[in-house]
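Here's the structure we're looking at; comments come further down.
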Amino acid sequence: NSGGEDYVLKAQLAGTQDEAYIKVEDLRALVLKFFTATYGSSITSSDINQYYGDLLDKIDGKWVVIKQSDLEKLSNGSVSNKESQCIQDEVMKLGTDASVRNEVMNAYRAHPLFTVESKGSDGDGNRYALTPVSNDKAKEFATSLADTSFFKKLDDCTTTDLRKSLTGGSSSKSSSTDKATGTIDVWVDGWSHSLNKVAMNVKNSSTDVTAEFKMKYDNPSVTLPKADTTVDDLKSEIQKLQDSM
């Protein structure tokens, strides 16, 4: 919700280790609603098509493929192939190496990012209402994570100072009661302890964003879609828009 209007974004996502496919539905109608809410009813669908029609034709209801090579191009070489592969290899160890995973989990147990405000249960499992901790408490977890061998190996992968990026930020102290505005609820299966659902609501003075995610663990067979649009296609249309302004 923004400015008193509700905007519903529907999307599908599929992918492999090297490619991601995303399809957004009804984007044209969403763009029209945003512009009419912002500039008034004088904005029509013809206006949207005149300026953004070619771009929307390549996105709205179309499968857009984003490859790892596309991300490397967009980063302008700031992350080399070697660095990217090194980071990917270390992150993969979270799923394959119990000692690496336990080290990160222990850092979180000592400095959790959420407090449990209430508990309950319903059809989706055991429900826990969570509240984010203060900024200072979050920095304690960041510092603890930065001291793990897992993160140090990540830091060794790149010339960027990842530790400073993780533990740095504003030098001013935030209040211990400075908590994020919003709610986070999680549902956990009582037998398997697997995560069944996550619901989030984040607010500020003008915007109210709600998101809900449901998980399935039945190992479905996923057929990757055929891409309708590439990143280069989108870059070409965006360049045309910029040239016309």
Side-chain angles (χ1 to χ4, degrees), residues 1-3 5-92 154-155 157-162 164-166 168-169 200 202 204 206-213 220 222-245:
N1 179 283
S2 180
E5 293 286 342
D6 289 330
Y7 298 92
V8 179
L9 185 65
K10 296 180 291 184
Q12 297 183 63
L13 180 68
T16 67
Q17 185 169 311
D18 300 315
E19 297 179 339
Y21 297 79
I22 185 168
K23 180 167 69 171
V24 180
E25 305 284 357
D26 300 326
L27 183 61
R28 191 182 302 269
L30 195 68
V31 171
L32 176 60
K33 183 175 184 179
F34 172 78
F35 274 93
T36 53
T38 304
Y39 299 107
S41 58
S42 60
I43 301 295
T44 67
S45 57
S46 297
D47 297 323
I48 299 300
N49 286 331
Q50 179 181 351
Y51 292 101
Y52 305 104
D54 291 343
L55 178 60
L56 290 170
D57 285 343
K58 285 184 165 55
I59 302 176
D60 195 5
K62 303 292 181 64
W63 282 105
V64 179
V65 60
I66 304 172
K67 300 181 179 182
Q68 183 171 337
S69 57
D70 294 324
L71 299 178
E72 291 164 358
K73 290 179 184 177
L74 292 173
S75 70
N76 293 320
S78 60
V79 178
S80 69
N81 290 343
K82 184 177 179 180
E83 289 178 353
S84 177
Q85 187 62 52
C86 179
I87 291 173
Q88 181 174 290
D89 291 343
E90 293 301 326
V91 170
M92 291 295 288
L154 281 183
D155 205 7
C157 286
T158 175
T159 55
T160 303
D161 190 342
L162 295 182
K164 183 178 180 180
S165 299
L166 182 67
M200 297 184 291
V202 180
N204 62 29
S206 60
T207 304
D208 183 353
V209 178
T210 299
E212 182 176 290
F213 305 90
V222 177
T223 301
L224 291 177
K226 179 181 178 181
D228 300 302
T229 304
T230 67
V231 169
D232 285 339
D233 292 333
L234 297 182
K235 287 171 63 178
S236 176
E237 293 300 334
I238 292 171
Q239 186 61 54
K240 290 179 184 177
L241 276 174
Q242 292 175 335
D243 291 343
S244 66
M245 293 180 178

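Only heavy atoms go into these numbers, but all of them, side chains included; no hydrogens, no water, no symmetry mates.
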- Task: Could you check if a side-chain atom of T159 sits within less than 4.5 angstrom of a side-chain atom of E83, using non-hydrogen atoms only?
- Result: yes
- Query: What are the two closest heavy atoms between L32 and I48, and how far apart are they?
  - Reply: CD1-CG1, 3.8 Å
- Minimal non-hydrogen separation, Y21 against P225, with atom names: CE2-O, 3.5 Å
- Over 12 foreign heavy atoms within 6.0 Å of CZ, F34: no
- Could you pull out the closest heavy-atom pair between I22 and L13, with the gap in Å? CB-CD1, 4.1 Å
- Message: Quick check: do F35 and Y51 have side-chain heavy atoms less than 4.5 Å from each other?
- Response: no
- Note on the structure: Looking only at heavy atoms, the pair that brings F213 and M200 closest together is CE1-CE, 3.4 Å
- Query: Is the backbone of D161 close enough, under 3.5 Å, to the side chain of S165 for a donor and an acceptor to pair up by distance?
  - Reply: yes
- Query: Does D26 have any salt bridge (charged side-chain N to carboxylate O under 4.0 Å, His left out) partners at least two apart in sequence or in another chain, and if so, which?
  - Reply: K10
- Message: Set out, in order, the CA-CA distance, both residues' side-chain angles and the distance that settles side-chain hydrogen bond (donor to acceptor under 3.5 Å, both in side chains) for T44 and D47, then state yes or no.
- Response: CA-CA 5 Å; T44 67; D47 297 323; 3.2 Å; yes
- Note on the structure: Residues at least two apart in sequence or cross-chain that pass side-chain contact (heavy atoms from CB on, under 4.5 Å) with T16, listed by chain then number, are D18, E19, L224
- Task: Find out whether Q88 and V91 are in side-chain contact, i.e. whether some heavy atom of one side chain is under 4.5 Å from a heavy atom of the other.
- Result: no
- Note on the structure: d(K235 NZ, I238 CD1) to nearest 0.5 Å is 9.5 Å
- Approximate separation, where rounding is to 0.5 Å, of E90 CD and Q85 CD: 11.0 Å
- Task: Mind jotting down which residue pairs meet the side chain to side chain donor-acceptor pair (under 3.5 Å) criterion with at least one end in residues 29-41? Sequence neighbours excluded, please.
- Result: none
- To the nearest 0.5 Å, tell me how far D60 CG sits from L55 CG. 10.5 Å
- Message: Restricting to salt bridge (charged side-chain N to carboxylate O under 4.0 Å, His left out), what partner residues turn up for D57, sequence neighbours left out?
- Response: R28
- Find the distance between CG (L154) and CG (L166) and round it off to the nearest 0.5 Å. 10.0 Å
- Task: Quick one: do D243 and K240 satisfy side chain to side chain contact (heavy atoms under 4.5 Å, CB included)? Show the steps, please.
- Result: CA-CA 5 Å; D243 291 343; K240 290 179 184 177; 5.6 Å; no
- Message: Tell me the closest heavy-atom pair linking V65 and A227, and the distance in Å.
- Response: CG1-CB, 3.5 Å
- Item | Backbone of S46 reached by a side-chain donor or acceptor of N49 within 3.5 Å | no
- Listed by chain and number, what are the side-chain contact (heavy atoms from CB on, under 4.5 Å) partners of K58, not counting sequence neighbours? T229, D233, L234, E237
- Task: Taking side-chain contact (heavy atoms from CB on, under 4.5 Å) as the test, write out the residues that go with A37, two or more places apart.
- Result: E5, Y7
